[in-house]
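Below is one structure, written out as structure tokens; the observations come after it.
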Amino acid sequence: MTVSRTASPTVLALDSAAGACSAALWRQGRLAGHRYRAMARGHAEALLPMVIETMAAAGAGFDELDLIAATVGPGAFTGLRIGLATARGLALATGVPALGVTTFAAVAEAVPPAERTGRTLLVLLDTKRSDLFAQRFDAELEALGAPAVLSVDALEDWIPDGPVIVAGDGVALARPVLSGLATRCAADIAYATAGDLPDAAHVARIAARLFASGTSRGTSGETPGGLPAVPLYLRAPAVTAPRDAGR
Amino acid sequence: MIVLGIETSCDETAVALVDDRRHVRADLVLSQLAEHRPYGGVVPEIAARSHLDHLDGLIRRAMAEADLGFDQIDGVAVTGGPGLIGGIIVGVMTAKAIAAVRGLPFVAVNHLEGHALTVRLTDDLAFPYLLLLVSGGHCQLLMVEGVGRYRRLGTTVDDAAGEAFDKAAKLVGLGYPGGPAVEQAAARATEHDGDRFSLPRPMVGRPGCDFSFSGLKTALRQRVAAITAAAPDGRLSDRDRDALAAAFQTAVADCLADRTANAIRLVHADGPAPTARPTALVVAGGVAANRTLRARLEQVAAAGGLRLVAPPLRLCTDNAAMIAWAGLERLRQGGRDDLDFAPRPRWPLDPAAPKATGAGVKA
């Protein structure tokens, strides 16, 4: 596959990893089309019509795309597969690459620069199993270490010293611990005004940036920067082999 | 007309291309058997993950094997249900995406309709016909009257036939999947031990066309318990194991034969007009691979004045050629689905049939 590199790619991005469903078209350095709806279920029904509306709103054809991007997780297993199966199907049918962006990166991208300046950004995602997926970023959105699965009790030890800002739909779950820290230790904890749920608009912006930086580095292959479009589950399937099976 | 078919509703990732001259241009099946074997059955989350890992690459391979581009196909058909929802979603979203990009009609096919119409692809069979659908997830008798027109005559009230084979294999210490394991063990026992044990035949002799296998499974369990309790080493000998497998297989064959014979009488009785009479008895689904069962059904069909038509084994088990074909039949009639189609883990072929329980609950 020949991928034509451009510093200003046209990117179609999707997200259905968590409590929202969205599609976004990034073109000539700005958002040209966007659909976003908060929803707990129904992503499989909503996503393709939202993609088509997004393309129509931008007056864009699928043949204009340089790149497809989607959130790879962590998130709801089914939601991740809805977005990634769609992204990979779109990539197959258009002949352009599909790239993955973590849900952490998508949420971090939504936090306004003014809010994160001088702070460590902590992205906390609700696993829906009473614990958290967590990752730290610096003020410039460079990841500081690998993603983690944390119990709420373990959160206190995971939070770094110095001023922090928290974002993500796991903040509600973490709030008692965060308030306790602020009160007992006078910790400087700020709450982001955006980035509750992932949004394809931010995924598109990240993907466009990765694509453009891939150009400058002269990388090649199907995934220009970023991650392959495969799920970041962070948990194995909940199953154990019976002792007597498989004979 | 050329249709791309996608099947991801259980533990096989499958892609096929079929045309309206009944030619299968490509037919690829990627079995996940090795991934599920350690668990003694299909694990839905493992299946869903594997479908996503492999489906796009398999479509690319099928298109290459058939030497076709997306601009040469006329529609995208995908299993929309019933089955394991995690896998169905992967197939449905992939199919929707391809249809959206290429401006092709999207068709969500009922998996059972795929099985039901396969003989029209393989044998060009005319409607109507009687269908015995026996698989790991289903056990039904249907009158197939036309595309989209199915009348359910009977279904299982508990386990599916293939499920019963899996459970029986486990009870006597044979491996997974149980169908081939039981058939091979029964074949070993045939010469001397084929009728040493006798097991009950639930529903046999009763009116109607419903099936039940749970009592048979319980009887087998009790028989195994009695034998192992009396054995000095507390174990089931290989010879007893094979004899029990033979007894189980014979009992299932008798059940299927009895219920199918009832169905033939029923459709002959309610179809005085020659056009309403079935042209054949069709057997489809993975359990139709069992040679002993097929032989019994040959007899039943002949006794009822019908010929038995069974697709080749490759098209009896789950595959995408049947999905592409069913989609093609729907498209020829002007049918298609919208891109907001919701995957249907439960999807009865005959919506007018009374709600079933057990394995029949999904369809």
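Below, chain A is the first sequence line, B the second, and so on; all start at residue 1.
Shortest non-hydrogen contact noted between Ile89(B) and Ile82(A) is CG2-CG1, 3.3 Å. In this structure, Tyr233(A) and Leu52(B) approach most closely via the heavy-atom pair OH-CD2, 4.5 Å.
Side-chain contact between Thr94(B) and Arg88(A) is absent, with no heavy atoms from C-beta onward closer than 4.5 Å. In this structure, Phe106(B) and Leu48(A) have side chains that are not in contact, with every pair of non-hydrogen atoms separated by 4.5 Å or more.
Atom CZ of Arg235(A) has more than 12 neighbouring heavy atoms from other residues, nucleotides or ligands inside a 6.0 Å radius. Annotation: Asp67(B), atom CG; neighbour count of heavy atoms from other residues, nucleotides and ligands within 6.0 Å does not exceed 12.
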Could you walk me through whether Met93(B) and Leu47(A) pass the side chain to side chain contact (heavy atoms under 4.5 Å, CB included) check?
CA-CA 9 Å; Met93(B) 298 315 291; Leu47(A) 186 55; 4.1 Å; yes

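A salt bridge links Arg81(A) with Glu45(B); the closest basic N to acidic carboxylate O contact falls under 4.0 Å.
For Ala44(A), the parts lying under 4.5 angstrom from a heavy atom of chain B are both the backbone and the side chain. At a 4.5 Å heavy-atom cutoff, the contact between Phe70(B) and chain A is made by side-chain atoms alone. Only the backbone of Ala236(A) comes within contact range of chain B, with at least one heavy atom under 4.5 Å from a heavy atom of that chain. With a threshold of 4.5 angstrom between heavy atoms, Val90(B) approaches chain A through its backbone and through its side chain.
Figure legend: cation-pi geometry between Arg49(B) and Phe77(A), with NZ or CZ positioned under 6.0 Å from the six-membered ring centre and within 45° of its axis.
Distance alone, capped at 3.5 Å, places no donor-acceptor pair between the Lys96(B) side chain and the Gly89(A) backbone.
Ile98(B) contributes atom CD1, which lies 9.0 Å from atom CG of Leu90(A) (distance to the nearest 0.5 angstrom).
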